[in-house]
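First comes the structure, then the notes that go with it.
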Amino acid sequence: MTDTQAHREQVHERVLSWYAAHGRDLPWRRPEATPWGIYVSEIMAQQTPIARILGPWLTWLKRWPNPAALAADPPAEAIRAWDRLGYPRRALNLHAAATAMVRDHDGEVPADLDQLRALPGVGEYTAAAVGSFAFGIPAPVVDTNVRRVLARIALGEAQAAPSLTKAERDLAAAWMPADPDDANRWNVASMELGALVCTARTPGCGVCPVADLCVWRVAGSPAYDGPRRPHQGYAGTDREVRGAIMAIVREADAAVPAAAFTDVAAADRIERAVAGLVADGLLRLSEQGYDLPR
DNA sequence: CAAACGTGGAT
DNA sequence: TATCCAAGTTT
């Protein structure tokens, strides 16, 4: 009974109606949301909890309602507006992508998977997500939520492997409903199920619409026995130093001298972090010191 | 392919 | 307090 075509269709039905009743009313999901708004939401959501991007998204879209508006401002403004969302290269990428949209796509978000994928900061996931949510292209959207949902429902495993495998891509593709509209709804609905019910830490199997169809659940929710995801530390890393330096430069009114960073860490670590930030284009060295790119 | 890349809330 | 985890991408 498990993982047959009939099983999948039953799961589709239940998850789609669950989403219709319980999906969140996020601003980029509303009918009036533009491809640009959806694009910005996807970049902001990379490795970042949805709750944390809500405010910044509203601010961002009000200030830069379309790609041309953002492209008209210097990258420094995008980096400042990004504030503490993390991975500030995403702000730089967003600005560069807006510039590319103006230059190559008539100021619009391209409605094509390959053209999306060619934009800076857009990988396999984001291209599929923007394609599906903004343009109705029924590409499999395989994010961390979908991976976990499929691992449990279809494979009977508590969690997905540490990194996306070809087997998982194939599985996600096989699970796509044949009808394009259903496929696009399945993308957002299965992601939402993973975000709200089929969560990593304490899954809400008691309220899950497909608990009785879940291979993992039916097997008694066995513990994960595969390889663990490598632990990503932060304290003592260059990332920590880079973050502290960027915070100082963001909040300064003018270029700051290197001396402004001395309290952040040991001199050699500061030197390495600054060099990296300059190489990444997040920092610029002028006569007066370091500032954001213009 | 492994490792780098920010930040903060939850357990 | 320590670790985990969050709509990934790039090199």
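Values in this document were obtained by computation on a predicted structure and should not be read as measured data. Protein chains get the first letters and strands the later ones, always in sequence-line order, with residue 1 at the start of each.
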Could you pull out all residues at least two apart from A:Asp25 that satisfy side-chain hydrogen bond (donor to acceptor under 3.5 Å, both in side chains)?
A:Arg30
In residues 47-64 of chain A, which residues come under 4.0 Å of DNA chain B by heavy atom?
A:Gln47, A:Thr48, A:Arg52
Please tabulate, one pair per line, all N/O donor-acceptor pairs under 3.5 Å involving side-chain atoms of residues 213-226 of chain A, not counting sequence neighbours.
{"from": "A:Trp216", "atom 1": "NE1", "to": "A:Pro222", "atom 2": "O", "distance (Å)": "2.8"}
{"from": "A:Tyr224", "atom 1": "OH", "to": "A:Pro227", "atom 2": "O", "distance (Å)": "2.9"}

A:Val142 and A:Val130: same hydrophobic cluster, using ILVMFWY side-chain contacts below 4.5 Å?
no
Using a 4.0 Å cut-off on heavy atoms, which residues in residues 117-129 of chain A reach DNA chain C? List them by number, or say none.
A:Arg117, A:Pro120, A:Gly121, A:Val122, A:Gly123, A:Glu124, A:Tyr125, A:Thr126
Minimal non-hydrogen separation, A:Ala76 against A:Leu292, with atom names
CB-CB, 3.5 Å
If only side-chain N and O atoms count, and only distance matters, is there a donor-acceptor pair under 3.5 Å linking A:Asn93 with A:Arg90?
no
Using a 4.5 Å cut-off on heavy atoms from C-beta on, say whether the side chain of A:Glu77 contacts that of A:His95.
no
Evaluate the side-chain proximity of A:Leu119 to A:Leu116: yes if any heavy-atom separation is below 4.5 Å, no if none is.
yes
Should we say atom CD of A:Glu32 is surrounded by more than 12 heavy atoms from elsewhere, each under 6.0 Å from it?
yes
For atom CZ of A:Arg169, is the number of surrounding heavy atoms from other residues, nucleotides or ligands below 6.0 Å larger than 12?
yes
Side chain proximity check, A:Glu192 to A:Val197, heavy atoms < 4.5 angstrom:
no
Which pair of heavy atoms, one from A:Ser132 and one from A:Ala139, lies closest together, and at what distance?
CB-O, 4.4 Å
In short, A:Ser286 meets A:Ala255 closest at the heavy-atom pair OG-CB, 4.1 Å
Pull out every residue in residues 90-98 of chain A that has a heavy atom closer than 4.0 Å to any atom of DNA chain C, ordered by number, or say none.
none
Looking only at atom C1', what distance separates C:dA6 and B:dC5, rounded to whole Å?
14 Å
Cationic N near anionic O, under 4.0 Å, A:Arg80 to A:Asp73
no
With the side chain counted from C-beta on, respond yes when A:Pro110 and A:Met101 share a heavy-atom pair under 4.5 Å apart, and no when they do not.
yes
Pairs involving residues 31-71 of chain A, ordered by first then second residue, that meet ring-ring contact (aromatic ring centres under 6.0 Å, His included) (sequence neighbours left out)
A:Trp28-A:Trp57, A:Trp60-A:Trp64, A:Trp60-A:Trp82
Within residues 233-240 of chain A, find the residues that approach DNA chain B with a heavy atom at under 4.0 Å, and present them sorted by residue number.
A:Tyr234, A:Asp238, A:Arg239
Length of the line joining A:Trp82:CH2 and B:dT7:P, which is rounded to integer Å:
12 Å
4.5 Å side-chain heavy-atom contact, A:Leu26 and A:Leu54:
yes
If the P atom of B:dA3 is compared with that of C:dA7, how far apart are they to the nearest Å?
24 Å
Given the P atoms of B:dG8 and C:dT9, what is the spacing between them in whole Å?
22 Å
5' precedence on DNA chain C between A:Gln46 and A:Ala200 (nearest-nucleotide basis)
A:Ala200
Selection: residues 137-153 of chain A, any non-hydrogen atom under 4.0 Å of DNA chain C:
A:Asp143, A:Thr144, A:Asn145, A:Arg148
Between B:dG6 atom C1' and A:Ile79 atom CD1, what is the distance in whole Å?
14 Å
Earliest and latest nucleotide of DNA chain C, 5' to 3', sitting under 4.0 Å from a non-hydrogen atom of chain A?
C:dT3 to C:dT10
Over all heavy atoms of both residues, which pair between A:Pro140 and A:Ala128 is shortest? Give the atoms and the distance, please.
O-CB, 3.4 Å
Min side-chain heavy-atom separation A:Val210-A:Gln10 under 4.5 Å
no
Under 3.5 Å, is there a donor on one side chain and an acceptor on the other for A:Tyr125 and A:Gln46?
no
With sequence neighbours left out, the residues meeting side-chain contact (heavy atoms from CB on, under 4.5 Å) with A:Leu92 are A:Pro75, A:Ile79, A:Leu282, A:Pro293
Assert: residue with more 5' nearest nucleotide on DNA chain B, out of A:Arg84 and A:Arg201, is A:Arg84
Just the atom pairs and distances: protein N or O near nucleotides 1-3 of chain B's N or O, under 3.5 Å.
none

Within residues 28-45 of chain A, the residues having a heavy atom closer than 4.0 Å to DNA chain C are A:Trp28, A:Arg29, A:Glu42, A:Ala45
Measure CG/A:Leu85 against P/B:dG8 and give the value in whole Å, please.
10 Å
Both A:Thr202 and A:Ala244 contact DNA chain B. Which one's nearest nucleotide lies toward the 5' end?
A:Ala244
If every non-hydrogen atom of A:Asp179 is compared with every non-hydrogen atom of A:Asp182, which pair is closest and at what distance?
OD2-N, 2.9 Å
Could you report the tightest heavy-atom contact between A:Ala69 and A:Asn66, atom names first, then the distance?
N-OD1, 2.8 Å
How long is the span from the CH2 atom in A:Trp186 to the CD atom in A:Glu13, to the nearest 0.5 Å?
12.0 Å
